[in-house]
Amino acid sequence: MGPPLVFPGVEDHYPDSLTLKQVQMLIRHGERTPVHRSIQQWDKWGFPIFWPLCESSRSSRAGLINPKIKQVTTFEYEREIETLTEEDPSPLFATAGKKGICTEGQLTDRGRLSGHYLGEQLRELYVDKLAFLPRNFTKHSDIYLRTTGIVRSRETLQQVFNGLYPLNSHSATPKIFERFPFEENLHPMVHCPRLSELRRQFRAAAAKKWNPQLEEASQVLKDILSSPERKITVGDDNNKDEAWAIVDTYSSALAHNIKAPPGFANRQVVNTVAKAALEAEFIGYEKNTEMKQLGMGRFFAEMLQRMTIGDPIVSDNIAEISQMLGQKGAKVYRKVPLLALYGAHDSSIGAILSSLGVFDNRWINFTSHITFELFEEKLKSSAWSLGGPGKFVRVKYNGRPVTIPACQPRGKHLGEDGSFCTMAAFQELLRSVSPRDWSSQCKENLGELAPELNELSGGVTALA
């Protein structure tokens with residue numbers, strides 16, 4: 001299943017001197033089937049082309065409008081997958097005697113369970129052990145739920161909430177928010193021209209560095225490539241055997257205990273391909289300020305807003321934060337929620353961790369999650385300002401506290417524990433990675449090379 005929350009002794013991780021005020025968590029969806037067509041070449045090794053792992057979604061419901069009775073009724077149906085073959089153009093059932101066949105990129109039964117288990121762990125920690133969240137869900141203002149428009153993320157968030165608040169523990173119907181695609185900020189948006197340009201530049205740099213090293217991997221894994229002359233590469237979205245596609249498909253198999261082709265037994269080769277894919281995708285967010293701001297910057301600004309609106313010490317920042325969000329006017333939340341859960345993707349998590357300087361360069365597992373915990377001091381100390389309590393923010397990745405470099409200087413964290421950033425230090429960091437005006441910045445500096453990269457013989461040189 002997905003990565004667990006880590007709390008081997010809650011009292012050690014939640015000091016008595018602090019009161020937990022808010023939790024915001026961004027969650028990658030649970031286990032899913034591969035999204036890349038490269039698996040079509042793996043069947044010679046017994047690797048399944050059709051994955052019978054989605055029995056839970058076989059039975060479905062839809063809302064129907066009947067004008068005669070003037071109400072919405074429920075239509076129940078069973079979903080089946082059919083396929084075509086090169087030999088016979090007539091449709092065939094893809095079941096092969098099995099039910100619950102998944103489509104590409106679909107949340108599997110195991111992925112649903114992972115989300116549910118994560119929700120149960122959240123309940124164990126924040127309801128049972130810390131008594132931070134109420135035992136029953138009765139008010140929408142306590143919990144904010146939002147997901148991208150991708151179905152697997154929405155379904156994972158539904159599972160997480162059901163684990164956190166089972167049906168017998170809520171009297172209110174939960175609301176899950178989604179946004180129009182051009183307003184989405186839960187993953188980097190490729191329709192931002194400058195972000196797309198920077199992404200291509202850093203992927204080209206990664207290709208220059210890694211593609212020669214991927215020659216060995218191409219030889220070891222040649223039997224699963226789309227054709228004998230193909231090579232595993234990074235930086236080429238048109239290559240069916242792109243490194244990301246290879247490792248992503250392998251990770252989906254691993255997560256479902258499906259045996260992969262023999263070449264994957266070579267761990268050194270697999271690690272090389274994974275490192276190349278990760279660097280190509282995320283190194284720009286670590287190195288380049290524009291990519292930080294245009295990638296997940298709007299989410300950072302909104303997260304800060306959700307932490308601070310209503311706080312009299314920092315409420316003067318409403319106009320500034322609203323501009324970061326690309327809004328014309330200030331958007332004031334009626335109440336700061338206790339918990340905000342966001343359904344997102346590996347691209348979201350990698351970009352966030354890289355932008356904050358804490359990415360561990362490891363493959364991002366299904367149901368991985370980043371947690372932002374807001375604390376307030378119980379007793380007055382030197383961290384208090386303007387007569388108000390000192391506030392701190394802690395970031396956790398898959399339940400483990402991370403140490404943010406920007407919070408390590410003296411006076412920017414709590415005592416000797418560098419994982420608790422002062423609110424001032426964390427706010428300063430988020431401002432530095434948030435755009436001043438996202439829409440305008442997406443159109444600026446077009447045609448310019450990222451300053452972290454150097455031109456070499458008409459191309460782009462890799463980062464050291």
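- Of the charged side-chain nitrogens involved, at least one lies within less than 4.0 Å of a carboxylate oxygen, so that Arg203 and Asp237 count as a salt-bridged pair.
- No donor-acceptor pair closer than 3.5 Å links the side chain of Gln219 to the backbone N or O of Leu214.
- Inter-residue side-chain proximity for Tyr285 and Phe359 is flagged as unmet; no heavy-atom pair is nearer than 4.5 Å.
- Other residues, nucleotides and ligands contribute over 12 non-hydrogen atoms within 6.0 Å of the CD atom of Glu229.
- Shown here is Phe182, whose CZ atom has more than 12 heavy atoms of other residues, nucleotides or ligands within 6.0 Å.
- Closest approach of Asp241 to Leu225, counting heavy atoms only: OD1-CA, 3.6 Å.
- Taken to the nearest 0.5 Å, the OG1 atom of Thr156 stands 9.5 Å off from the CG atom of Leu118.
- Geometric assessment of Arg32 against the ring of Phe366 yields a negative cation-pi assignment under the 6.0 Å and 45° thresholds.
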Dump the intermediate steps for ring pair (Phe, Tyr, Trp, His ring centres under 6.0 Å) on Phe375 and Phe392, then the final yes or no.
CA-CA 5 Å; Phe375 295 88; Phe392 299 88; 8.4 Å; no
Would Thr103 and Thr33 satisfy side-chain contact (heavy atoms from CB on, under 4.5 Å), going step by step from the backbone distance to the final call?
CA-CA 7 Å; Thr103 56; Thr33 55; 5.8 Å; no
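- In this structure, CD in Glu286 is found 8.5 Å from CD in Glu279, a value given to the nearest 0.5 Å.
- For the pair Arg394 and Tyr14, the cation sits on the ring face: its NZ or CZ lies under 6.0 Å from the ring centre, inside 45° of the axis.
- The two atoms that bring Val35 and Gly105 nearest to each other are CG1-CA, 3.3 Å, heavy atoms only.
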Start with the C-alpha distance between Leu429 and Phe300, add both sets of side-chain angles, then the distance that settles side-chain contact (heavy atoms from CB on, under 4.5 Å), and finish with yes or no.
CA-CA 10 Å; Leu429 172 60; Phe300 288 135; over 6 Å; no
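- Atom CZ of residue Arg28 and atom CD1 of residue Ile349 lie 7.5 Å apart, to the nearest 0.5 angstrom.
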Please lay out, stage by stage, how Asn211 and Thr233 fare under the test side-chain hydrogen bond (donor to acceptor under 3.5 Å, both in side chains).
CA-CA 5 Å; Asn211 284 353; Thr233 62; 4.9 Å; no
Apply side-chain contact (heavy atoms from CB on, under 4.5 Å) to residues Tyr144 and Leu339 and explain how you reach the verdict.
CA-CA 6 Å; Tyr144 175 79; Leu339 174 67; over 6 Å; no
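- For Cys54 against Thr108, the heavy-atom pair with the smallest separation is SG-CA, 3.9 Å.
- Using a distance-only test at 3.5 Å, with no hydrogens or angles considered, a donor-acceptor pair links the side chain of Gln213 to the main chain of Lys209.
- Contact annotation: the side chain of Leu26 approaches that of Ser348 to within less than 4.5 Å [non-hydrogen atoms, C-beta and beyond].
- A 4.5 Å side-chain heavy-atom check between Asn288 and Gln293 finds every atom pair outside the cut-off.
- Contact record, Thr422 with His413: CG2-N, 3.7 Å, taken as the closest heavy-atom pair.
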One pair to check against salt bridge (charged side-chain N to carboxylate O under 4.0 Å, His left out): Glu31 and Arg152. What are the steps and the verdict?
CA-CA 9 Å; Glu31 288 88 338; Arg152 56 182 174 266; over 6 Å; no
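- No side-chain donor-acceptor contact under 3.5 Å links Arg362 and Asn271.
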Before giving the answer on side-chain contact (heavy atoms from CB on, under 4.5 Å), spell out for Asn257 and Arg110 the whole-Å C-alpha distance, their side-chain angles and the decisive distance to 0.1 Å.
CA-CA 11 Å; Asn257 297 319; Arg110 174 166 294 201; 3.4 Å; yes
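- Minimum heavy-atom separation, Ser368 to Asn398: CA-OD1, 3.1 Å.
- Within the 4.5 Å cutoff, the side chain of Val358 has no heavy atoms near those of the Tyr397 side chain.
- Between Arg230 and Glu242 there is no salt bridge, since no side-chain nitrogen of the basic residue lies less than 4.0 Å from a carboxylate oxygen of the acidic one.
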Derivation of the salt bridge (charged side-chain N to carboxylate O under 4.0 Å, His left out) call for Glu302 and Arg298:
CA-CA 6 Å; Glu302 182 174 327; Arg298 291 184 300 167; over 6 Å; no
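- Residue Gln441 places its CD atom among more than 12 non-hydrogen atoms of other residues, nucleotides or ligands, all under 6.0 Å distant.
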Given Arg199 and Glu281, is the salt bridge (charged side-chain N to carboxylate O under 4.0 Å, His left out) satisfied, shown in steps?
CA-CA 8 Å; Arg199 181 175 179 269; Glu281 190 67 27; 3.4 Å; yes
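- A 4.5 Å side-chain heavy-atom check between Leu294 and Arg194 finds at least one atom pair inside the cut-off.
- Taking the six-membered ring where tryptophan is involved, the planes of Phe161 and Tyr165 are tilted, since the angle between them lies from 30° to 60°.
- The 12-atom threshold is exceeded at NZ of Lys231, counting heavy atoms of other residues, nucleotides or ligands nearer than 6.0 Å.
- There is a side-chain donor-acceptor pair under 3.5 Å between Gln106 and Ser57.
- By the 4.5 Å heavy-atom criterion applied to side chains, Val395 and Phe426 are counted as neighbours.
- Taken to the nearest 0.5 Å, the NE2 atom of His116 stands 13.0 Å off from the OG1 atom of Thr367.
- Screening Arg146, His187, Gln24 for a side-chain hydrogen bond (donor to acceptor under 3.5 Å, both in side chains) with Tyr342, the sole residue that qualifies is Gln24.
- Interatomic distance, SG of Cys442 versus CD of Glu197, reported as 11.5 Å (0.5 Å rounding).
- Within the 4.5 Å cutoff, the side chain of Pro174 has heavy atoms near those of the Leu145 side chain.
- Taking CD of Glu428 as the reference point, atom CG of Leu430 lies at 10.5 Å (rounded to 0.5 Å).
- No donor-acceptor distance shorter than 3.5 angstrom exists from the side chain of Thr403 to the backbone of Gly418, with no hydrogens or angles considered.
- Side chain of Ser251 to main chain of Asp248: a donor-acceptor pair is present (N/O by atom type, distance under 3.5 Å, no hydrogens or angles).
- Without hydrogens or angle criteria, Ser354 side chain to Ile283 main chain gives no donor-acceptor distance under 3.5 Å.
- Phe177 is not listed as a side-chain neighbour of Thr147, based on a closest heavy-atom distance of 4.5 Å or more.
- Residues Ala280 and Ala206 share a closest heavy-atom pair of CA-CB, 3.6 Å.
- For the 3.5 Å distance criterion, the side chains of Gln22 and Glu373 fail to qualify, holding no donor opposite an acceptor.
- Side-chain contact, Asp109 with Ser56: a donor N or O sits under 3.5 Å from an acceptor N or O.
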